[in-house]
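Quick notes on the structure that follows.
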Amino acid sequence: MDFDALLLLSFGGPDGPDDVRPFLENVTRGRGVPAERLDAVAEHYLHFGGASPINGINRALVSELEAAMPDLPVYFGNRNWDPYIEDTVTAMRDNGVRRAAVFTTSAWGGYSSCRQYVEDIGRGRAAAGPQAPELVKLRQYFDHPLFVEMFAEAIGEAAAQLPAELRDDARLVFTAHSIPVRVDERDGPRLYSRQVGYATRLVAAAAGYDEYDQVWQSRSGPPQIPWLAPDIGDHLATLADAGTKAVIVCPIGFVADHIEVVWDLDNELAEQAAEAGITLARTTTPNADPRFARLAASLVEELRTGAAPVRVEGADPVPGHGCSINGASCLPGCCGD
């Protein structure tokens, strides 16, 4: 399968204060989220001047993708903000693109992590009309060697930031975005949480840790609806009660330092840790690391050559290597189909 372009498909984020509320309304459209909840989340963005860090990160990643795949023009589209996927796919059509690989800024299966991007692809092609390019979503990459390498290396770098006397006893805690339990059970079942757990085991082993914790963060919605737990804030309180003095937090569920990382972890969790007397070190995410671009290039090469997926093999591997063409249904084993 040959390609004449690559599309980086992401979530999107506001570029300034005037964008924050319209962006949040895009994200939550049709979900009945109360206005006061949007106002609260808006304050998180306004704390950083109203701009999401994901935008600059993705633009830098585009440059790295161009360097990693000089034979392919790279396009950039978002679900919730400019450049919108509909506009990007239309531009690709006008530029004569016939078939493009789609690399998403999510490593996982499940609805919001994968299937919703498949829907974005379908929506973008519908907007471009009958001459829309063929779009092939690349596979999930939570067990790719470069994914594991980047996070394992980041753990070592974070540990080095701790005072020497605290490093040996620091607790390693992995965190990913929580979702409703019923949603997780529907997808696979538990496809997303199993993939996160598997990747956590792979990264911990690569970083040389036998003991670690895997928790969840950034839940929202009515309190009566169960979400994946434990929450990272609750877990930090438990560690404090047990006398833990240092914690390394690895946001393995995120491939970029967007708002759930720089606010939920670097502000809220850091403040909680300081109050509890815990020294906190947060690992970096892939962001625009050149290896992240090389990871994308290797996924493209798999489809070009028909090669078997490159992945780290661990105990009890979790499926999730399908792809979608033109926004059609996911292939078997991808998002619970």
Side-chain angles (χ1 to χ4, degrees), residues 8-62 76-89 104-108 110-124 127 175-184 192 216-228 231-233 251 253-272 285 287:
L8 175 64
L9 178 55
S10 194
F11 188 81
D15 286 310
D18 293 339
D19 300 337
V20 173
R21 189 57 183 265
F23 163 75
L24 293 175
E25 290 171 354
N26 284 347
V27 174
T28 60
R29 183 173 291 117
R31 292 167 50 189
V33 177
E36 55 270 22
R37 173 59 182 164
L38 296 185
D39 291 338
V41 176
E43 289 300 319
H44 301 170
Y45 287 94
L46 294 173
H47 179 82
F48 300 99
S52 171
I54 197 173
N55 297 328
I57 291 168
N58 278 335
R59 294 183 185 109
L61 180 57
V62 166
F76 173 35
N78 287 318
R79 176 186 304 158
N80 296 302
W81 202 248
D82 185 65
Y84 289 102
I85 179 66
E86 295 89 341
D87 298 332
T88 299
V89 177
T104 64
T105 54
S106 171
W108 318 101
Y111 177 70
S112 60
S113 302
C114 182
R115 195 193 301 265
Q116 198 167 10
Y117 284 107
V118 173
E119 294 174 356
D120 295 338
I121 292 170
R123 193 174 65 255
T175 180
H177 204 301
S178 185
I179 62 173
V181 171
R182 63 176 177 80
V183 174
D184 190 46
Y192 170 66
W216 307 94
Q217 67 170 87
S218 308
R219 68 151 292 162
S220 60
Q224 65 269 24
I225 297 178
W227 284 52
L228 296 177
D231 175 79
I232 191 168
F254 305 90
V255 297
D257 288 358
H258 49 75
I259 206 70
E260 282 85 359
V261 175
V262 299
W263 177 262
D264 296 8
L265 299 181
D266 296 349
N267 282 269
E268 291 184 334
L269 190 71
E271 182 177 329
Q272 179 185 346
T285 57
N287 288 321

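In this structure, the separation between CD1 on Ile57 and OG on Ser52 is 7.5 Å, given to the nearest 0.5 Å. Atoms CD and CD1, from Glu268 and Ile232 in turn, are 11.0 Å apart once rounded to the nearest 0.5 Å. Note that the OH atom of Tyr111 and the CD atom of Glu119 stand 3.5 Å from one another [nearest 0.5 Å]. We find the CG-OG1 distance between Asn78 and Thr88 to be 7.5 Å, quoted to the nearest 0.5 Å. Rounding to the nearest 0.5 Å places CD1 of Ile179 at 6.5 Å from OG of Ser113. Considering CD1 of Ile54 and CZ of Arg59, their distance stands at 11.0 Å, rounded to 0.5 Å.
Under the 3.5 Å distance criterion, the side-chain polar atoms of Asp19 are left unmatched by any main-chain donor or acceptor of Gly50. Judged by distance alone, the side chain of Thr285 and the main-chain N or O of Asp257 form a donor-acceptor pair under 3.5 Å. Asn55 places a side-chain N or O within donor-acceptor distance of the main-chain N or O of Pro14, the cut-off being under 3.5 Å. In terms of modelled atom types and a separation under 3.5 Å, the side chain of Asp264 and the main chain of Leu269 share no donor-acceptor contact. Between the Trp263 side chain and the Tyr45 main chain, no donor and acceptor come within less than 3.5 Å of each other.
The two atoms that bring Ala176 and Gly253 nearest to each other are CB-CA, 3.7 Å, heavy atoms only. Contact detail for Val181 and Leu228: the closest heavy-atom pair is CG2-N, 3.8 Å. In terms of heavy-atom proximity, Arg79 sits nearest to Tyr84 at O-CD2, 4.0 Å. Residues Tyr117 and Ser106 approach most closely at CE1-CB, 3.9 Å, considering heavy atoms. Heavy-atom minimum distance, Ile85 versus Asp120: CG1-O, 3.7 Å. Shortest non-hydrogen contact noted between Leu265 and Pro251 is CD1-CB, 3.8 Å.
Aromatic rings of Trp216 and Tyr192 (six-membered ring for Trp) have centroids within the 6.0 Å cut-off, being under it.
Side chains of Ser218 and Glu260: no donor on one and acceptor on the other come within 3.5 Å.
Side-chain contact between Phe76 and Leu61 is absent, with no heavy atoms from C-beta onward closer than 4.5 Å.
For His177, the ring-ring contact (aromatic ring centres under 6.0 Å, His included) criterion is met by no residue, not counting sequence neighbours. In this structure Pro223 satisfies the side-chain contact (heavy atoms from CB on, under 4.5 Å) test with no other residue, sequence neighbours excluded.
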Pair Ile259, Val262 - check side chain to side chain contact (heavy atoms under 4.5 Å, CB included), show working.
CA-CA 5 Å; Ile259 206 70; Val262 299; 4.1 Å; yes

* Under the side chain to side chain contact (heavy atoms under 4.5 Å, CB included) criterion, do Asn267 and Phe48 qualify, and how do the steps go? -> CA-CA 11 Å; Asn267 282 269; Phe48 300 99; 3.6 Å; yes

- Query: Taking it one step at a time, do Asp82 and Asp15 satisfy side chain to side chain contact (heavy atoms under 4.5 Å, CB included)?
  - Reply: CA-CA 9 Å; Asp82 185 65; Asp15 286 310; 5.5 Å; no

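Within the structure, the salt bridge (charged side-chain N to carboxylate O under 4.0 Å, His left out) test picks out the following pairs touching residues 32-51 (sequence neighbours left out): Arg21-Asp39.
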